[in-house]
Amino acid sequence: MRHILEIDDLNAAEVVEVLELASTKEYPKVLDRQGVALIFEKPSARTRNSMEMAVIQLGGHPIYISAEEIGLDKRESVEDVTKTLSCFHSMIGARVFKHSTVERMAKENQVPIINLLSDEAHPLQALADVLTMQQELGDLQGRSVAYIGDGNNVFRSLALASGFLGMEVRFSGPSEYFISDEDRDRLNFAGVNVTEYDKPEEAVKDADVVYTDVWTSMGQEEEKNQRHKAFEGFQVNKELMGMASEKAIFLHCLPAHRGEEVVDEVVDGSASRVWVQAENRMHAARGLLIWLIEKHLGGRETI
Ligand code: CP
Ligand code: NVA
């Protein structure tokens with residue numbers, strides 16, 4: 001059984017297969033009459049809607065479950081929730097605070113677990129990101145992505161996915177917010193190298209893609225003031241975009257904190273592809289679901 005908790009739960013060839021399935025206009029009814037449980041410990045607009053629609057397009061039935069309702073480790077243990085939901089559903093997607101929660105779910109090995117964002121990773125976002133870059137730039141081998149800001153969940157997954165496809169991955173942010181040594185080792189193990197730049201101007205120089213995410217992620221609200229100070233000078237604005245390649249595109253996983261990590265004229269500007277990127281969340285999710293079912297659940301009895 002395959003669980004997708006981070007991009008490196010796939011190899012590079014498998015990421016390519018998922019992207020191909022994401023691009024097909026055929027929606028096989030591989031989830032006919034099957035349920036997919038979607039647990040959310042944090043809010044969501046894109047992830048919930050894209051996953052629900054992807055499940056529906058494949059003939060299945062998504063069920064949204066809020067943290068309050070399911071009470072992970074409060075009303076019932078994560079393990080017992082996983083076993084229970086597996087009685088009714090063919091897969092479980094979960095957006096959680098602690099990455100260890102999705103790891104514990106996967107350990108039960110009842111049905112495939114898909115990480116819908118944890119404090120460490122956001123793999124479905126990264127699949128949509130590389131799909132968008134491919135659509136815009138074609139073959140990504142040798143192209144460059146410059147990520148400016150916080151070395152967070154979105155960055156780690158993006159680095160893995162874009163590195164797998166042969167991109168040069170650059171990072172610029174305050175050094176204390178770069179990914180951990182452990183994460184850097186994990187990336188290196190996956191064959192992905194990230195070049196760290198002190199100055200965002202150097203990181204974006206001639207880059208094909210400029211990417212940023214919020215400085216304060218969900219669950220870090222108490223650190224907001226301290227983070228604002230630390231990230232000063234790492235805003236993606238028109239001047240910074242002007243230093244990237246002439247045809248550079250701008251990406252952001254959204255939601256954007258306009259006026260903080262990015263300004264209106266970049267999000268709404270001609271280089272921005274953020275809405276295509278948002279739509280691609282649904283296509284990428286569908287591609288991954290088809291891949292998981294066709295390649296790894298082929299023989300499983302439907303519920
Ligand atoms: N990009 C993303 O995951 O958006 P949501 O938090 O709205 O799901
Ligand atoms: N890094 C952000 C991404 C939101 C989609 C967060 O975790 O809140």
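We count ligands from 1, going down the list as the structure has it; atoms in each ligand are counted the same way.
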Quick check on contacts: which atoms of ligand 2 are under 4.0 angstrom from a heavy atom of L117? 3 (C), 4 (C), 5 (C), 7 (O)

Taking distance alone, with no angle check, do R46 and ligand 1 share an N/O pair under 3.5 Å? yes

Could you check whether Y177 and F231 have their ring centres less than 6.0 Å apart? yes

Only heavy atoms of R281, strictly under 4.0 Å: list the atoms of ligand 1 that pass. 1 (N), 2 (C), 3 (O)

Please list the nearest protein heavy atom to atom 6 (O) of ligand 1 with its residue and the distance rounded to 0.1 Å. R95 NH1, 2.8 Å

A45 heavy atoms within 4.0 Å reach ligand 1 at atoms 5 (P), 7 (O), 8 (O)

How far is atom 3 (C) of ligand 2 from its nearest protein heavy atom, and which residue and atom name does that atom have? D213 OD2, 3.6 Å

Yes or no on ring-ring contact (aromatic ring centres under 6.0 Å, His included) for Y197 and F171, after CA distance, side-chain angles and deciding distance? CA-CA 6 Å; Y197 292 83; F171 172 90; 9.6 Å; no

Heavy atom of L254, distance to ligand 1 below 4.0 Å: yes

Where on K42 is there a heavy atom closer than 4.0 Å to ligand 1, on the side chain, on the backbone, on both, or on neither? neither

Salt bridge (charged side-chain N to carboxylate O under 4.0 Å, His left out) between D8 and R186: does it pass, once the steps are laid out? CA-CA 9 Å; D8 57 3; R186 181 173 178 157; 2.8 Å; yes

Considering heavy atoms of the protein only, find what lies nearest to atom 8 (O) of ligand 2 and give residue, atom and distance to 0.1 Å. M218 N, 2.8 Å

Please could you name the atoms of ligand 1 that H122 approaches to less than 4.0 Å, counting only its heavy atoms? 2 (C), 3 (O)

Protein heavy atom at shortest distance from atom 2 (C) of ligand 2: S217 OG, 3.3 Å

Using the rule given for salt bridge (charged side-chain N to carboxylate O under 4.0 Å, His left out), can you reason through R273 versus E279, listing the C-alpha separation, both sets of side-chain angles and the distance that settles it, and then say yes or no? CA-CA 10 Å; R273 296 291 181 277; E279 180 181 327; over 6 Å; no

Of D9, N115, N109, the residue whose pairing with H3 passes side chain to side chain donor-acceptor pair (under 3.5 Å): N109

Near N153 (heavy-atom distance under 4.0 Å), the atoms of ligand 2 are 1 (N), 6 (C), 7 (O)

Can L124 be reached from V30 by stepping across I, L, V, M, F, W or Y side chains whose heavy atoms are under 4.5 Å apart? yes

With a 3.5 Å cut-off and no angle check, do the side chains of S86 and Q110 form a donor-acceptor pair? no

Have a look at S157 and tell me which of H122, Q125, E6 forms a side chain to side chain donor-acceptor pair (under 3.5 Å) with it. E6

Do any nitrogen or oxygen atoms of P255 come within less than 3.5 Å of a nitrogen or oxygen of ligand 1? no

Separation between CD1 of I70 and CD of E76, rounded to the nearest 0.5 Å: 7.5 Å

Proximal atoms of ligand 2 relative to L254 (non-hydrogen, under 4.0 Å): 5 (C)

Using a 3.5 Å cut-off on N or O atoms only, is R95 in polar contact with ligand 2? no

Is the terminal nitrogen or CZ of R48 (NZ for Lys, CZ for Arg) located under 6.0 angstrom from the six-membered ring centre of F40 and within 45° of that ring's axis? no

